[in-house]
Amino acid sequence: MSVIDAYLDALWLEQGASDHTLAAYRRDLTAWQQQLERDSETLLTASPERFGTWMEQRREQGYQLRSNARVLSSLRSFYRWARLYGYIDSDPLANVTLPKVRPSLPNTLEEEEVERLLLAPDVGTPLGVRDRTMLELLYACGLRVSELVGLTGDAVNLRQGVVRVRGKGDKDRLVPMGEEAAEWLAQYLKTARPALMQDPTRPALFPGRGDNSMTRQTFWHRIKAHAITAGISRPLSPHTLRHAFATHLLNHGANLRVVQLLLGHSDLSTTQIYTHVAQARLEQLHAEHHPRG
């Protein structure tokens, strides 16, 4: 077994890393390994100077600072593990730094735009009720699209008004859904879901083909279609409503730690990006409406 395979196995066992995360680490480590092999070096004999040379080469090739920072983060994680388990005596990247990356603000929607998007599905049809319910839950709970489509019937509790969400690393969290989303979910479960499923006893809360859970790609196409109906022209991403959820909570005075728990972020620094979004919005409003703006 190669040292890369051993490290990725450890990530999977100890941190529950997803296939997507493992593939990203493998790409970064393999690219670094290939660079080292050109100079007859290995991952375990690399020097800080060699890494600096590689970063300079990547910059010349057009790689952005954010991409290089991600690679450095991947390799640092690997070398910390390698030192902990005795593969190396010292970490070659312990003192290596890159310029700080200015956080890119996530694309989000104004509250009025969210309202238009939620109203876009035709709720006179079972499919429309399903889509409206999914959009309501996505926004009310700040879910990732993968978390939403992965919900099962036993993950929602209408009496208590909460959703049990399985997030990254197979960690569960309970998220309140709010009255509006709960009302749509109750209607969906009573009328639309039975009409959409051949076997309503199947576990998928929101079915796609063959009573299986809808795919992320399918729901993303549904979001884009409803955005067109709502007259929303700005670029969207699968996380747009999740970003809106967090930003709007902070705009209305929510505590950052609470937003972190609701989003399922393991690190508060990940959540802090939304404070930048809220601040940017305040600055925009000041510039537009203050006489001295």
Practice problem: Evaluate the side-chain proximity of Q187 to R132: yes if any heavy-atom separation is below 4.5 Å, no if none is. | Solution: no
Next item on the list: Walk me through it: do V3 and T42 pass the test side chain to side chain contact (heavy atoms under 4.5 Å, CB included)?
Entry: CA-CA 10 Å; V3 68; T42 70; over 6 Å; no
Value for CG (D39) from CD (E37), rounded to nearest 0.5 Å, stands at 10.5 Å
Donor-acceptor pairs under 3.5 Å, side chain of residues 146-163 to any protein atom, not counting sequence neighbours: which ones?
{"unit_1": "E147", "atom_1": "OE1", "unit_2": "R144", "atom_2": "N", "d": "3.0"}
{"unit_1": "E147", "atom_1": "OE1", "unit_2": "R173", "atom_2": "NH2", "d": "2.9"}
{"unit_1": "E147", "atom_1": "OE2", "unit_2": "R144", "atom_2": "NH1", "d": "2.4"}
{"unit_1": "E147", "atom_1": "OE2", "unit_2": "R173", "atom_2": "NH1", "d": "3.1"}
{"unit_1": "T152", "atom_1": "OG1", "unit_2": "D154", "atom_2": "OD1", "d": "2.6"}
{"unit_1": "N157", "atom_1": "OD1", "unit_2": "R159", "atom_2": "N", "d": "3.1"}
{"unit_1": "N157", "atom_1": "OD1", "unit_2": "Q160", "atom_2": "N", "d": "2.8"}

### Query
Should L189 and L205 count as side-chain neighbours, where that means a heavy-atom distance under 4.5 Å?
yes
Value for CZ (R50) from CE (M55), rounded to nearest 0.5 Å, stands at 10.0 Å
Here the pair of heavy atoms bringing Y25 nearest to S74 is CE2-CA, 3.5 Å
In short, ring pair (Phe, Tyr, Trp, His ring centres under 6.0 Å) pairs touching residues 121-148 with sequence neighbours left out are Y139-H248
Under 3.5 Å, side-chain donor or acceptor atoms of residues 8-17 against the rest of the protein: list the pairs with distances, not counting sequence neighbours.
{"unit_1": "E14", "atom_1": "OE2", "unit_2": "Y85", "atom_2": "OH", "d": "2.9"}

- Query: Is there side-chain contact between L236 and K224, with at least one heavy-atom pair below 4.5 Å?
  - Reply: no
E179, CD atom: more than 12 neighbouring heavy atoms under 6.0 Å | no
TODO: State, yes or no, whether a side-chain contact exists between Q57 and T53 at a heavy-atom distance under 4.5 Å.
DONE: yes
- Does a side-chain heavy-atom distance below 4.5 Å link V71 with R58? yes
Check this for me, if you would: do E113 and R116 make a salt bridge, where the nitrogen-to-carboxylate-oxygen distance has to be below 4.0 angstrom? no
Can you tell whether the side chains of D5 and R26 come within less than 4.0 Å, N to carboxylate O?
yes
Q: Verify the cluster assignment for W54 and V96: are they in a single hydrophobic cluster under the rule of side-chain heavy atoms below 4.5 Å apart?
A: yes
